[in-house]
Amino acid sequence: MRLATWNVNSVNARLPRLLDWLESVRPDVVCLQETKTADFPVAEVDKLGYETAAHGLNRWNGVALLSRVGLADVSPGFPGEPGFPDPEARALGATCGGVRVWSVYVPNGRTPDDPHYAYKLTWLAALRTALGDELGGHAELAVCGDFNVAPTDADVWDPAQFVGATHVTPPEREALRHLLDLGLHDIVPKPMKGPNPFTYWDYRAGMFHQDKGMRIDLVYATKPLADRVTGAYIDREARKGKGPSDHAPIVVDLG
DNA sequence: ATGCCTTATTTCATAAGA
């Protein structure tokens with residue numbers, strides 16, 4: 001089974017590229033983030049053989065799951081998920097091919113003194129609780145998506161540039177460790193080129209071609225699922241060319 | 001070469017991204 005996750009930065013703006021990518025990479029299950037629509041293009045991905053579960057409320061956020069190995073027990077959001085203060089479309093769970101899969105788009109946080117930062121930490125803590133409640137019933141579980149946290153200093157292109165910034169603060173990294181404490185494993189993908197497993201590069205100032213990026217998109221898997229991993233890579237080809245997302249997909253192969 | 005912001009909307013400006 002091939003599992004992928006991709007922050008597409010608008011599924012409608014990215015639709016031609018998404019469809020081409022699905023046809024060439026042929027993942028079985030795809031977690032999408034920042035779909036940015038309440039009207040997901042279900043018919044277009046259906047033509048490629050994918051069932052869709054989409055959770056989108058407005059122009060902001062939005063997550064989806066595509067599967068051609070079944071899509072059952074769909075959960076838009078999770079129990080206890082906080083809003084700001086209204087609910088936001090940031091999490092979507094489903095069972096696909098026997099694996100419990102969550103597509104998540106963690107709040108950005110903006111700056112450490114912004115109310116969105118406290119919201120981010122509260123949201124991550126609530127996610128931990130909800131995942132903890134699911135683990136008893138799902139030996140094989142993966143939570144995939146844009147976590148908006150770089151786990152270590154090696155996951156940003158220059159730690160000195162991030163002093164005082166969100167995405168690298170100790171409380172955010174501690175929130176990730178609390179997720180791993182549940183028994184989840186960080187499936188670190190191969191970058192294909194260069195030493196850095198980055199998944200995001202800002203659109204501005206030629207950041208991508210200088211490889212000034214961050215690893216903020218993550219795949220966390222339970223041990224039984226992590227033991228099935230035969231390979232994982234970052235599809236940086238999808239970040240090239242005209243009209244890319246600012247994130248690259250992660251592709252994980254399971255035996 | 002991978003090439004120097006992009007998205008949807010309350011659209012010719014703004015909020016948000018990270």
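Below, chains carry the letters A, B, ... as their sequence lines are ordered, and counting in each starts from 1.
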Engineer: Distance check needed: B:dT6 C1' versus A:Met207 CE, whole Å only.
Structural biologist: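 Rounded to the whole Å, the gap is 15 Å.
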Engineer: Using the six-membered ring wherever Trp is involved, compare the ring planes of A:Tyr119 and A:Phe84 and label them parallel, tilted or perpendicular (cut-offs 30° and 60°).
Structural biologist: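 A:Tyr119 and A:Phe84: tilted rings.
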Engineer: Which residues, if any, of residues 5-20 of chain A bring a heavy atom under 4.0 Å of DNA chain B?
Structural biologist: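 By residue number: A:Asn7, A:Asn9, A:Ser10, A:Ala13, A:Arg14.
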Engineer: Do A:His167 and A:Val149 have side-chain heavy atoms sitting under 4.5 Å apart?
Structural biologist: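 No, too far: nothing below the 4.5 Å cut-off.
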Engineer: To the side chain of A:Lys36, which of B:dA18, B:dA16, B:dT7 is closest?
Structural biologist: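 My answer, after comparing the listed nucleotides, is B:dT7.
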Engineer: Run the side chain to side chain donor-acceptor pair (under 3.5 Å) test against A:Asp114 and tell me which residues pass, sequence neighbours left out.
Structural biologist: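 Here the qualifying residues are A:His116.
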Engineer: Could you walk me through whether A:Leu141 and A:Leu184 pass side chain to side chain contact (heavy atoms under 4.5 Å, CB included), step by step?
Structural biologist: CA-CA 9 Å; A:Leu141 179 148; A:Leu184 298 174; 4.3 Å; yes
Engineer: Using whole Å, report how far CZ of A:Phe84 lies from C1' of B:dA16.
Structural biologist: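 Result: 13 Å.
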Engineer: For atom P, what is the distance between B:dT10 and B:dC4, given to the nearest Å?
Structural biologist: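 Per the computed distance, 30 Å lies between those P atoms.
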Engineer: When you compare B:dA8 with B:dA18, how far apart are their P atoms, in angstrom units rounded to a whole number?
Structural biologist: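 Comparing P positions in B:dA8 and B:dA18 gives a spacing of 15 Å.
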Engineer: Expressed as a whole number of angstroms, how long is the span from A:Asp246:CG to B:dA16:P?
Structural biologist: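 Between P of B:dA16 and CG of A:Asp246: 17 Å.
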Engineer: In residues 53-61 of chain A, which residues come under 4.0 Å of DNA chain B by heavy atom?
Structural biologist: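 When residues 53-61 of chain A is checked for heavy atoms under 4.0 Å from DNA chain B, the hits, listed by number, are A:Arg59, A:Trp60.
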Engineer: Quick one: list whatever passes salt bridge (Lys or Arg N to Asp or Glu O under 4.0 Å) with A:Asp202, sequence neighbours left out.
Structural biologist: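 In terms of salt bridge (Lys or Arg N to Asp or Glu O under 4.0 Å), with neighbours along the sequence ignored, A:Asp202 is linked to A:Arg204.
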Engineer: Does anything in residues 143-162 of chain A come within less than 4.0 Å of DNA chain B? Heavy atoms only, and list the residues if so.
Structural biologist: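 A:Asp146, A:Asn148, in order of number.
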Engineer: Is A:Arg2 salt-bridged to A:Asp253, cutoff N-O under 4.0 Å?
Structural biologist: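 Yes, A:Arg2 and A:Asp253 are salt-bridged.
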Engineer: Just say parallel, tilted or perpendicular for the rings of A:Phe78 and A:Trp123, cut-offs at 30° and 60°.
Structural biologist: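 Geometry flag for A:Trp123 against A:Phe78: perpendicular rings.
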Engineer: Quick one: is A:Tyr105 getting a side-chain N or O under 4.0 Å of the B:dA16 phosphate, OP1 or OP2?
Structural biologist: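 For B:dA16, OP1/OP2 do not have a side-chain N/O of A:Tyr105 under 4.0 Å.
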Engineer: Which sits closer to the 5' end of DNA chain B, A:Gly206 or A:Ile216, going by the nucleotide each is nearest to?
Structural biologist: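 It is A:Gly206, whose closest nucleotide lies nearer the 5' terminus.
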Engineer: Short of 4.0 Å, heavy atom to strand atom, which residues of residues 237-245 of chain A count as contacting DNA chain B?
Structural biologist: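 The answer is A:Lys240, A:Gly241.
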Engineer: May I have the distance from A:Met214 (atom CE) to B:dA18 (atom C1'), rounded to whole angstrom?
Structural biologist: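 From A:Met214 CE to B:dA18 C1': 6 Å.
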Engineer: Going by the rule side chain to side chain donor-acceptor pair (under 3.5 Å), which residues pair with A:Arg173 if we only count those two or more places apart in sequence or in a different chain?
Structural biologist: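 Per chain and number, A:Arg173 pairs via side chain to side chain donor-acceptor pair (under 3.5 Å) with A:Asp153.
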Engineer: Whole-Å distance between B:dT6 P and A:Asp202 CG?
Structural biologist: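 One finds 10 Å between P of B:dT6 and CG of A:Asp202, rounded.
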Engineer: When the C1' atoms of B:dT6 and B:dT11 are compared, how many Å lie between them, rounded to an integer?
Structural biologist: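 The same atom, C1', in both gives a distance of 15 Å.
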Engineer: Expressed in angstrom and rounded to an integer, what is the separation of A:Asn108 atom CG from B:dT6 atom C1'?
Structural biologist: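 Nearest whole value for this atom pair: 15 Å.
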Engineer: Students often get this wrong, so: under 4.0 angstrom with heavy atoms, is A:Glu34 touching a base, only sugar-phosphate, or nothing?
Structural biologist: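 Here A:Glu34 touches the backbone only, sparing every base.
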Engineer: Mind jotting down which residue pairs meet the ring pair (Phe, Tyr, Trp, His ring centres under 6.0 Å) criterion with at least one end in residues 2-29 of chain A? Sequence neighbours excluded, please.
Structural biologist: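 Qualifying pairs, neighbours excluded: A:Trp6-A:Trp21.
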Engineer: Are any non-hydrogen side-chain atoms of A:Lys212 and A:Asp158 less than 4.5 angstrom apart?
Structural biologist: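 No, too far: nothing below the 4.5 Å cut-off.
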Engineer: Please classify the nucleic acid contact of A:His247 as base, sugar-phosphate, or nothing, using heavy-atom distances under 4.0 Å.
Structural biologist: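 If one applies the 4.0 Å heavy-atom cut-off, A:His247 turns out to touch the sugar-phosphate alone, with no base involved.
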Engineer: For B:dA1 versus B:dA15, give the span between their P atoms, rounded off to a whole number of Å.
Structural biologist: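 Each nucleotide's P atom is 40 Å from the other's.
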Engineer: Can you list every side chain to side chain donor-acceptor pair (under 3.5 Å) pair that touches residues 182-191 of chain A, not counting sequence neighbours?
Structural biologist: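 Of all non-adjacent pairs touching residues 182-191 of chain A, those that pass side chain to side chain donor-acceptor pair (under 3.5 Å) are A:Asp186-A:Arg215.
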Engineer: Restricting to salt bridge (Lys or Arg N to Asp or Glu O under 4.0 Å), what partner residues turn up for A:Glu172, sequence neighbours left out?
Structural biologist: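 Listed in chain order: A:Lys120.
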Engineer: If I take atom CZ in residue A:Arg110 and atom P in nucleotide B:dA16, what distance separates them, rounded to the nearest angstrom?
Structural biologist: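 It is 4 Å, rounded to the nearest whole Å.
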Engineer: Send over the distance from A:Arg215 CZ to B:dA18 P, rounded to a whole Å.
Structural biologist: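 It is 16 Å, rounded to the nearest whole Å.
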Engineer: Excluding sequence neighbours, so at least two apart, what forms salt bridge (Lys or Arg N to Asp or Glu O under 4.0 Å) with A:Lys223?
Structural biologist: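 Applying salt bridge (Lys or Arg N to Asp or Glu O under 4.0 Å) to A:Lys223 gives A:Asp227.
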Engineer: Holding to salt bridge (Lys or Arg N to Asp or Glu O under 4.0 Å), I want the full list of residues that pass it with A:Arg100, two or more places apart in sequence or in another chain.
Structural biologist: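 Checked A:Arg100 against salt bridge (Lys or Arg N to Asp or Glu O under 4.0 Å); matches are A:Glu134.
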Engineer: Determine, step by step, whether A:Lys240 and A:Glu237 satisfy the salt bridge (Lys or Arg N to Asp or Glu O under 4.0 Å) criterion, reporting the C-alpha distance in whole Å, the side-chain angles of both residues, the deciding distance to 0.1 Å, and the verdict.
Structural biologist: CA-CA 5 Å; A:Lys240 298 179 181 178; A:Glu237 295 299 315; 2.8 Å; yes
